[in-house]
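The chains referred to below are lettered A, B, ... by the order of the sequence lines, with proteins before strands, and numbering in each begins at 1.
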Amino acid sequence: MAQAKQITPRAKDFSEWYGDVIAQAQLADYSPVRGCMVIRPHGYRIWELMQRALDDMFRATGHRNAYFPLFIPMSFLAKEAEHVEGFAKEVALVTHTRLRATGKEGAGAIEVDPSSELEEPLVVRPTSETIIYAMFAKWIQSYRDLPLLLNQWANVVRWELRTRLFLRTTEFLWQEGHTAHVDEADAEREARTILGIYRRFAEEWMAMPVITGVKTESEKFAGALRTYAIEALMQDNKALQAGTSHNLGQNFAKAFGVQYQTAAGGLEYVWNTSWGVSTRLIGGLIMTHSDDNGLVAPPKLAPVQVAIVPIWKSDDERRQVSGVGDQVKTDLEKTGLRVELDVRDSLKPGAKYFEWEALGVPVRLEIGPRDLASGQAVLARRTGGKTPTPLQGIVGAVTAALDEIQAALFAAARARSEKNSIRGATKAQFIEFMKGGGGFAYGGFCGNPSCEAEIKQQTNATIRVLPDPEFRSKEAPRTCMWCGAPSVTEAVWAQAY
RNA sequence: CGGGGUGUGGCGCAGUCCGGUAGCGCGCCUGGUUUGGGACCAGGAGGUCGCGGGUUCGAAUCCCGCCGCCCCGACCA
């Protein structure tokens with residue numbers, strides 16, 4: 001009885017568990033390049049499904065896709081003061097364009113050709129505000145050109161010291177939206193619209209509950225007027241910033257001279273927004289739902305939604321169960337479901353169950369001779385439970401099960417998130433809470449950055465957001481949870497990824 | 001960038017103290033028997049022991065130097 005590869009239980013070591021789930025589900029692997037990851041087909045499929053859903057939502061709100069270069073002149077980055085400061089420490093630079101042979105053997109066979117040094121180094125984009133607004137300056141002349149609503153799907157590079165698969169890697173994939181508007185109100189509306197899209201995507205597709213709100217000055221995007229974010233609580237009670245939407249004000253417009261002529265003939269700077277979500281979402285998905293048996297994928301984003309495992313002894317039985325399995329697969333696929341039929345002869349059914357479970361498949365259908373005799377299949381849910389299900393109407397039963405699983409995952413995640421949130425705690429309770437595993441702590445905040453810094457220093461907790469009205473406590477806090485001064489706003493603290 | 005750990009077939013490890021020319025489990029390949037929750041038997045393939053020096057008749061093992069990776073802390077989607 002050989003025991004297959006194990007997944008470290010969450011309770012033992014969350015971080016190892018996270019890595020094991022990714023390995024077992026074949027989502028990603030470490031690459032030969034430090035800090036970079038290879039996204040494997042099963043993981044990339046999740047990203048593709050995410051892309052499709054988000055892209056549809058962007059399109060439905062009037063955005064169009066474009067593509068801007070990977071390389072940005074170094075001088076561009078310097079044009080917006082806060083922006084440089086934010087990214088200077090983690091940019092990769094291209095300084096040369098040629099290698100040459102040395103005539104030596106092995107690793108020393110080639111070297112940088114010093115004569116190929118660029119006059120101005122190119123930055124590998126850590127984000128694209130600068131190059132995009134440089135182009136906006138060319139394209140925008142009149143108020144009739146506004147709003148300009150663009151999005152791009154791209155890779156970006158940020159030279160991180162410490163990396164974790166999906167959550168923080170040197171190179172990652174994302175979408176970045178960039179828009180230009182006639183006035184602040186329109187830009188604000190846009191930033192808010194996108195935040196709503198991110199929230200809806202997190203909840204309806206990822207089954208991941210989030211709280212929305214605005215970032216404090218110290219946590220906002222480098223160069224933004226305001227940063228909005230969706231924040232989710234992971235199973236280890238650490239918060240994950242899962243998406244951000246920035247009202248950039250006129251900071252970049254002024255830096256890059258993005259001006260337009262008003263109807264009255266005046267000249268004004270545009271108001272910009274930028275917003276993004278990345279492959280980090282996959283990390284969030286993993287840490288929201290998965291268990292000690294591997295990945296749990298919400299049905300809407302599961303690369304494989306249904307795995308059919310036929311069971312047989314004789315060749316005769318094999319033909320029969322495989323035939324029925326194939327028919328069921330075809331029927332399910334007709335409704336647009338993603339289905340795999342597992343007819344491998346080298347594994348016993350039990351081994352296949354474990355494998356599909358590790359891959360996060362929400363529904364498994366087991367079809368054996370005894371099932372066929374009674375005209376049924378066994379429907380097993382990734383979230384637990386097996387139900388004999390008549391083959392007549394199996395498509396309806398499967399779709400219903402998938403819908404239920406999607407809803408149940410969201411409900412369970414929301415319940416967990418709420419259970420690990422506290423409101424109205426005293427300073428002492430807050431410190432205790434953050435020491436003992438943490439979670440979301442709602443409380444009054446005086447607005448003083450030094451108070452914020454002190455809290456971070458002592459508890460490692462940061463203000464994730466100043467929550468939007470619907471997430472705020474029924475009664476507004478009167479005093480700062482930390483210093484006791486009058487509260488100017490409610491805040492949500494957590495230790496964060 | 002600081003602290004800790006680790007490098008030996010694809011993966012996980014033993015062997016290192018006490019030098020003698022590499023082994024175990026899983027995985028992989030072939031054949032057979034199996035198949036309702038991780039099958040079994042038999043045969044087989046696969047390793048410059050992280051890299052570079054040195055000591056020695058002989059180095060995975062001892063000495064010197066270097067490198068990679070992972071984990072934990074400050075910055076970040």
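- Atom CE of A/M234 is separated from atom C1' of B/A77 by 13 Å (rounded to the nearest Å).
- Listed pair A/K215 / B/A77 fails the phosphate criterion, with no side-chain N or O lying under 4.0 Å from OP1 or OP2.
- The C1' atoms of B/U35 and B/G25 are separated by 24 Å, rounded to the nearest whole Å.
- For A/R168 against B/C76, a side-chain-to-base donor-acceptor contact under 3.5 Å is present.
- Considering only the side chain of A/N460, B/A74 comes nearest among B/C76, B/A74, B/G37.
- Between A/R344 and A/K352, the closest side-chain pair of non-hydrogen atoms falls below 4.5 Å.
- Figure legend. B/G9 is base-paired to no nucleotide; pairs are counted as Watson-Crick or G-U wobble with both atom distances under 3.5 Å.
- Ring geometry, A/F14 versus A/W17: the interplanar angle falls from 30° to 60°, so the pair is classed tilted.
- One N or O donor and one acceptor, one from the side chain of A/K386 and one from the base of B/G37, sit under 3.5 Å apart.
- Among the nucleotides B/G37, B/G38, B/A77, the one closest to any side-chain atom of A/F172 is B/A77.
- For B/C51, the paired nucleotide is B/G65, the pair qualifying as Watson-Crick or G-U wobble because both relevant distances are below 3.5 Å.
- Under the 6.0 Å distance and 45° angle rule, A/R158 does not count as a cation-pi partner of A/F172.
- Between A/P369 and A/K89, the residue anchored nearer the 5' end of RNA chain B, judged by the nucleotide with its closest heavy atom, is A/P369.
- Counting only heavy atoms from C-beta on, A/P349 has its side chain closest to B/G36 among B/C70, B/G38, B/G36.
- Here the side chain of A/F354 is nearest to one of B/G37, B/G36, B/C76, namely B/G37.
- B/C40 is paired with B/G32 under the criterion used here, namely a Watson-Crick or G-U wobble arrangement in which both key atom distances are under 3.5 Å.
- When side chains are defined from C-beta on, A/R226 counts as touching A/E188, because their heavy atoms get closer than 4.5 Å.
- The residue A/E357 sits close to a base: some heavy atom pair falls under 4.0 Å.
- Looking only at distances, no side-chain donor or acceptor of A/E219 sits under 3.5 Å from a matching main-chain atom of A/I463.
- Partner assigned to B/G2 is B/C72, using Watson-Crick or G-U wobble distances below 3.5 angstrom.
- Relative ring orientation between A/F252 and A/H83 is described as perpendicular, the plane-to-plane angle rising above 60° on a 0-90° scale split at 30° and 60°.
- Rounded to a whole Å, the CZ atom of A/R319 is 16 Å from the C1' atom of B/U35.
- Of the candidate nucleotides B/U35, B/A77, B/A39, B/A77 has the atom nearest to the side chain of A/E160.
- The nucleotide whose nearest atom lies closest to any side-chain atom of A/R280 is, among B/U35, B/A77, B/G36, B/A77.
- Taking for each of A/G350 and A/E219 the nucleotide of RNA chain B with the nearest heavy atom, the 5'-most of the two is the partner of A/G350.
- A/L167 comes within 4.0 angstrom of a base, heavy atoms only.
- When distances run from any side-chain atom of A/V378 to the nucleotides B/G36, B/A39, B/C71, the shortest one goes to B/G36.
- Distance, A/W17 CH2 to B/C71 C1': 18 Å, rounded to whole Å.
- The shortest distance between the side-chain N/O atoms of A/K348 and the OP1/OP2 oxygens of B/G36 is below 4.0 Å.
- Of the possible polar contacts, none joining the A/Y198 side chain to the A/T212 backbone as a donor-acceptor pair under 3.5 Å is found.
- Residue-to-nucleotide contacts include no donor-acceptor pair under 3.5 Å from the side chain of A/E317 to the base of B/G36.
- For A/K313, the side-chain atoms get nearest to B/U35 when compared with the rest of B/G37, B/U35, B/C72.
- For A/D345, the listed nucleotide lying nearest its side chain is B/U35; candidates were B/G37, B/C75, B/U35.
- Remark: ring of A/Y353 does not overlap the six-membered base ring of B/G37 in a stacked fashion, as centroids less than 5.5 Å apart with planes less than 30° apart are not both met.
- B/G10 atom C1' lies 17 Å from atom OH of A/Y30, rounded to whole Å.
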